[in-house]
Amino acid sequence: MVDHEENHERSCCPIACALDHLGDKWTLLIIRDLLLGKKRYQEFLGSPEQIATNILANRLKKLEAAGFLTQQIYQKNPVRYEYVLTKKGEDLRQVLQALVEWGKTYYPGTEVFKPYG
């Protein structure tokens, strides 16, 4: 039996639970960038939405704590990290693809970003 009180901030509704982790202005854009191949902090800062550094750092920490991504050291001196989606994060690909299709239908003239790199 599933404990309906475990890890639910507002309610046991799956949409509410997902929004508790993904429902701000920036989080799904960071996930989008990871799905497109961005891995490093500076790469995220180069996105057209121009996320502020303090917000980016905060969201990356929250996404890691919630199990959507992990960080890996790619340079030791100074220490620098890159970010990699976990299965939980990767499984958002279909959700974002559905948002892309919906957005293309209702917001003509929008463009789908190409993979990074």
Same apolar cluster (I L V M F W Y, side chains within < 4.5 Å links), [X]/[Y]:
X	Y	value
Leu35	Phe113	no
Leu99	Leu85	yes
Ile55	Ile31	yes

Please report the interatomic distance CG(Asp91) to CG(Leu96), rounded to the nearest 0.5 Å.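 Those atoms lie 11.5 Å apart.
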Roughly how far, to the nearest 0.5 Å, is the CG atom of Leu69 from the CD atom of Glu82?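 So the CD of Glu82 and the CG of Leu69 are separated by 12.0 Å.
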Worked verdict on Asp20 versus Arg10 for side-chain contact (heavy atoms from CB on, under 4.5 Å): CA-CA 8 Å; Asp20 286 338; Arg10 290 186 281 175; 2.8 Å; yes
Between Asn58 and Lys62, does a side-chain contact (heavy atoms from CB on, under 4.5 Å) hold up when you go through it step by step? CA-CA 6 Å; Asn58 175 272; Lys62 284 184 174 185; 3.5 Å; yes
Which is it for Thr110 and Val100 under the side-chain contact (heavy atoms from CB on, under 4.5 Å) test, yes or no, and what are the steps along the way? CA-CA 9 Å; Thr110 56; Val100 164; over 6 Å; no
Using a 4.5 Å cut-off on heavy atoms from C-beta on, say whether the side chain of [Y] contacts that of [X].
X	Y	result
Leu28	Val95	no
Lys114	Leu36	no
Leu19	Asp24	no

Pair Leu63-Tyr83, side-chain contact (heavy atoms from CB on, under 4.5 Å): steps then yes or no: CA-CA 10 Å; Leu63 284 167; Tyr83 300 88; over 6 Å; no
Considering all heavy atoms of both residues, which atom of Cys17 and which atom of Ser11 are nearest to each other, and what is their separation?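 Residues Cys17 and Ser11, closest heavy atoms: SG-O, 3.3 Å.
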Locate the shortest heavy-atom distance separating Leu22 from Leu92; write the atom from each residue and the value.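 Taking Leu22 first and Leu92 second, the nearest heavy atoms are CD1-CD2, 3.8 Å.
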Only one of Gln94, Arg93, Glu101 forms a side chain to side chain donor-acceptor pair (under 3.5 Å) with Gln97, so which one is it?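 When Gln94, Arg93, Glu101 are each tested with Gln97, the side chain to side chain donor-acceptor pair (under 3.5 Å) holds only for Glu101.
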Heavy-atom donor-acceptor pair, Lys87 side chain to Phe68 backbone, under 3.5 Å: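 No, because the side chain of Lys87 does not come within donor-acceptor range (under 3.5 Å) of the backbone of Phe68.
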Could you list the cluster mates of Val84? Members are the ILVMFWY residues connected by side-chain heavy atoms closer than 4.5 Å, either directly or through other members.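 Traced through the cluster, Val84 reaches no other member.
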So, Lys61 and Glu64, do they make that salt bridge, N to O below 4.0 Å?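 Not counted as a salt bridge, because no side-chain N and carboxylate O are separated by less than 4.0 Å.
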Could you list the donor-acceptor pairs under 3.5 angstrom formed by side chains in residues 41-51, with sequence neighbours left out?
unit_1: Tyr41; atom_1: OH; unit_2: Thr53; atom_2: O; d: 2.7
unit_1: Glu43; atom_1: OE1; unit_2: Lys39; atom_2: N; d: 2.6
unit_1: Glu43; atom_1: OE1; unit_2: Arg40; atom_2: N; d: 3.0
unit_1: Ser47; atom_1: OG; unit_2: Asp33; atom_2: OD2; d: 2.4
unit_1: Ser47; atom_1: OG; unit_2: Lys38; atom_2: NZ; d: 2.8
unit_1: Ser47; atom_1: OG; unit_2: Phe44; atom_2: O; d: 3.3
unit_1: Glu49; atom_1: OE1; unit_2: Arg32; atom_2: NH2; d: 2.8
unit_1: Glu49; atom_1: OE2; unit_2: Arg32; atom_2: NH1; d: 2.9

